[in-house]
Amino acid sequence: FKSNVGLTNPVGAVTELIDTWKNITIYDYLSAELKLFEKVTAKVSLGGSIGNNHNQNFTPRSLVNLANGYGSAGQRYNSSVNWANENQLTYVSKISDDHNIKATGFFSQEFSRYEGFAASNQLLLTEILTYNNLNLNDTMQTVGSYVNQQTLMSLGARFDYNFKNK
């Protein structure tokens with residue numbers, strides 16, 4: 001997005017160049033263990049995150065040494081949602097002094113979604129609006145978007161037999 005490779009004004013690069021990132025991400029995790037019956041225990045956990053970031057950049061024509069004589073500007077937005085859930089059920093029994101059993105079953109699932117879009121232009125008719133109204137001229141230089149989504153589920157069980165604590 002940025003065309004500030006050929007910067008020719010070092011003072012202007014400090015005072016006029018705009019390149020801001022705004023990020024917000026929230027994380028959370030919850031977990032609980034419950035004794036449902038004398039020999040049965042359940043564990044449940046849920047965690048996730050939600051994130052957004054926004055990038056704005058602007059390089060005025062006074063700072064670049066380009067043949068077209070124009071500056072550049074762009075904006076980019078990205079967001080993400082992620083969560084995971086795990087559930088476990090365990091049964092423990094002592095059959096006799098010599099024999100013990102333990103059975104565990106679990107189910108887990110995960111979800112992730114990332115999406116975003118971006119636009120940039122190097123043919124700005126006016127620099128007053130910096131990175132806003134990138135479409136004021138007839139041609140947008142770069143416009144793009146993406147989305148990526150993934151889901152995972154798993155199921156399993158385990159059985160343990162113990163003879164004389166071995």
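Computed from heavy atoms alone, side chains included, the values below leave out hydrogens, waters and symmetry copies.
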Polar side chain donor-acceptor pair, Q56 to T20, under 3.5 angstrom:
yes

D28 side chain vs S49 backbone, donor-acceptor pair below 3.5 Å
no

Hydrophobic clusters here meaning ILVMFWY residues chained together by side-chain heavy-atom distances under 4.5 Å, can you tell me if Y91 and L34 are in one?
yes

Just checking Q149: does its CD atom have more than 12 heavy atoms from other residues, nucleotides or ligands closer to it than 6.0 angstrom?
yes

Drop me the distance from S80's OG to E115's CD, to the nearest 0.5 angstrom.
9.5 Å

Any side-chain heavy atom of Y146 sitting closer than 4.5 Å to one from Y114?
yes

Atom OG of S112 and atom CD of E110: how far apart are they, to the nearest 0.5 Å?
7.0 Å

Are Q109 and T151 packed together at the side-chain level, in the sense that at least one heavy-atom pair is separated by less than 4.5 angstrom?
no

Looking only at non-hydrogen atoms, find the nearest pair between T41 and E33 and report the distance.
CG2-OE2, 3.5 Å

Shared hydrophobic cluster, I26 / V81 (ILVMFWY, side-chain heavy atoms < 4.5 Å):
no

Does one hydrophobic cluster hold both Y27 and W83, with members joined at side-chain heavy-atom distances below 4.5 Å?
no

Measuring from E38:CD to S93:OG, what's the distance to the nearest 0.5 Å?
9.0 Å

Rounded distance [0.5 Å steps], CZ in F106 versus CG in L155:
7.0 Å

Does the plane of the ring in F163 sit parallel, tilted or perpendicular to the ring in H99? Use 30° and 60° as the thresholds.
tilted

Using 0.5 Å steps for rounding, measure from the CD1 atom of I101 to the CG atom of D160.
10.0 Å

What closest approach, in Å, do L89 and A42 show between heavy atoms, and which atom pair accounts for it?
CD1-CB, 3.9 Å

Exercise: do N55 and N57 side chains pair donor with acceptor under 3.5 Å
yes

Out of curiosity, E86 CD to S31 OG, how far, rounded to the nearest 0.5 Å?
9.0 Å

Please tell me if the side chains of M153 and F107 come closer than 4.5 Å, counting only heavy atoms from C-beta onward.
yes

Could you tell me whether the side chains of S154 and S108 share a donor-acceptor contact shorter than 3.5 Å?
yes

Heavy-atom count around N23 CG within 6.0 Å, excluding the residue itself: above 12?
yes

Are V44 and F37 linked, directly or through other ILVMFWY residues, by side chains that come within less than 4.5 angstrom of each other?
no

With a 6.0 Å cut-off (strictly less than), is the heavy-atom count around CZ of F159, excluding the residue itself, greater than 12?
yes

Does atom CD1 (I24) have a neighbourhood of more than 12 heavy atoms from anything else shown, all under 6.0 Å?
no

Does either side chain, that of N85 or that of N87, offer a donor lying less than 3.5 Å from an acceptor on the other one?
yes

